[in-house]
Amino acid sequence: MQALKNKLFALADCNNFYASCERVFNPKLEGKPVVVLSNNDGCVIARSNEAKVVGVKMGQPAFQMADIIEKNNVYVFSTNFVLYGDMSNRVMNTLAQFTPDIEIYSIDEAFLDFTGFDTEHITDYAKGIQSTVKQWTGIPVSIGIAETKTLAKVANHIAKKNPEFDGVLSLYNNHMTDSLLGRLPVDDVWGVGKQYGKFLMDKGIKTALHLKNADEKWILKHMHVPGQRTVMELRGTSCIRIESIIPDRKGICTARSFGKPMSNYEDIEQAVATFAAKCSEKLRRQHSITKTLTVFIMTNRFADTPQYVNGKTIQLPVATNHANEIIHHALSGLRLLFRKGYLYKKAGVILSDFVQEDQQQFTLWDNIDREKYAKLMKSLDCINTANGDEVVKFAIQGTQKRWKMKQERLSPCYTTRWKDLLTIDVNKK
DNA sequence: TCTGGGGTCCTAGGACCC
DNA sequence: TCTGGGGTCCTAGGACCC
């Protein structure tokens, strides 16, 4: 493991990101409990602080909290990924102004390389970033600073949870570090999940400080290389660098639960064709072609009805990213999988085993005019990028979408759809 | 009635080779 | 009777992240 010398990292993380996005264009939500639900309006995936206070739990199924919602006037939203994606771009573009090297780690988080920055005034610098992001995008962020990414994560976590820090905390040369680590439960450390968290607790390693001081050999034995790296990082030795170039995906998956159970083959066929088309589009975006495709279908595992879960993996004769071929193979898999008489709840398509587009290997018997289809795909992507998803699509994808997910509480696409643009009455007081 | 979706990395173990 | 040792590749499964 190679240690990186004299590094300084910041982690900027948006507070309750999806809930905050809903608030930006809907000021009446300010100070009110707001929650955002997963696809299909299933579980809670984001909560404003006020929603946390009234007892809404992360991951809780929506139907189990009808009481809390009613009693506390909780505002509930379906996921609006178009809005969140656009807001994320705005936040990331703003953050990028403040460092030469940024790693967009997730939709609401970025690592910033602060190496070589003036450490004496680093907290003020971060406060400047925080207020700029708020002013330019309306999104509140918290920023943690430290010599390693893991410690920057810790700093961010503490800054977010303790109001006295105003959302910015630097652990660089901070004599409080160990006492703060001593108050942080071990499973709040980045890289320690549920399983390892429980395991460590059972062994008496209950806090981040315990983990920092744990025996390295023992950690290596039980938590392997990633665990060892976490311990090193807690000790201030940087092992995880900034990855500013987004690597190509090694697998691409599009899967959805249906809005209601489906038994009809044609409905599921339309859904699978749509997922396959979506996968191929993601694949083209990174200029890859795929050699392997998996299609799967399943019934509702929570329901008291006959269960069926199955998948089919297909090796493609020639690697491709053309929608027509990917759809064709997905549907031939589906035909083999489908059994009559079940109520299906979810289906999906997974692509794996990629090579670069320009490394295409043709076979002797390939009689498809690939150049022609490549042009077709280019036009298709062009039109859909300019005019919105699925403006042009394949007939097999259907127009009814009886399978479509439930989104009963969708907010407008304030920033990406002309008709959803807000109008402001300047005369009104 | 109602329970998300999309990724990554690492390890162990089996098959196979010389 | 006795059954090496080292390497690679692949896959399944388990852990993690958001």
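As the structure is a prediction and not an experimental result, all values here were calculated from the model. Reckoned from all heavy atoms, side chains included, excluding hydrogens, waters and symmetry mates. Labels below follow one simple rule: chain letters A, B, ... track the order of the sequence lines, proteins then strands, and each chain is numbered from 1.
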Once you apply a heavy-atom cut-off of 4.0 Å, does [X] come out as touching a base, just sugar-phosphate, or nothing?
| X | value |
| --- | --- |
| A:Gly251 | sugar-phosphate |
| A:Ile252 | sugar-phosphate |
| A:Glu109 | sugar-phosphate |
| A:Ala62 | nothing |
| A:Lys278 | nothing |
| A:Asp108 | sugar-phosphate |
| A:Thr79 | nothing |
| A:Lys194 | sugar-phosphate |

Nearest-Å distance for atom pair [atom1]/[atom2], residues [X] and [N]:
| X | N | atom1 | atom2 | value |
| --- | --- | --- | --- | --- |
| A:Arg256 | B:dG6 | CZ | C1' | 9 Å |
| A:Gln286 | B:dG7 | CD | P | 9 Å |
| A:Phe199 | C:dA15 | CZ | C1' | 13 Å |
| A:Met405 | B:dG5 | CE | C1' | 10 Å |
| A:Ile104 | B:dT8 | CD1 | C1' | 18 Å |
| A:Met58 | C:dC17 | CE | C1' | 13 Å |
| A:Phe111 | C:dC17 | CZ | P | 12 Å |
| A:Asn39 | B:dG5 | CG | C1' | 6 Å |

Exercise. Both distances under 3.5 Å, Watson-Crick or G-U wobble: report the partner of B:dC18, or none.
Key: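 Pairing partner, where one exists within any strand: C:dG5.
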Which one, [options], comes nearest to the side chain of [X]?
| X | options | result |
| --- | --- | --- |
| A:Asn300 | B:dT3, C:dA15, B:dG5 | B:dT3 |
| A:Lys282 | B:dC10, B:dG6, C:dC18 | B:dG6 |
| A:Tyr105 | C:dC17, B:dG5, C:dC16 | C:dC17 |
| A:Lys345 | B:dT3, B:dC2, B:dG4 | B:dT3 |
| A:Cys43 | B:dG4, C:dC17, B:dC10 | B:dG4 |
| A:Tyr196 | B:dT3, C:dC16, C:dC18 | C:dC16 |
| A:Phe63 | B:dT3, B:dG4, B:dT8 | B:dT3 |
| A:Cys253 | B:dT11, C:dA15, B:dG6 | B:dG6 |
| A:Lys250 | B:dG4, B:dT8, C:dC18 | B:dT8 |
| A:Gln195 | B:dC10, B:dG4, C:dC16 | C:dC16 |

Do you see a donor-acceptor pair shorter than 3.5 Å between the side chains of [X] and [Y]?
| X | Y | result |
| --- | --- | --- |
| A:Asn16 | A:Asn49 | yes |
| A:Asp108 | A:Ser106 | yes |
| A:Glu147 | A:Asn6 | no |
| A:Ser48 | A:Lys32 | no |

Quiz item: Is a salt bridge present between A:Glu216 and A:Arg235, judged by a nitrogen-to-oxygen distance below 4.0 Å?
Solution: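 So A:Glu216 pairs with A:Arg235 through a salt bridge.
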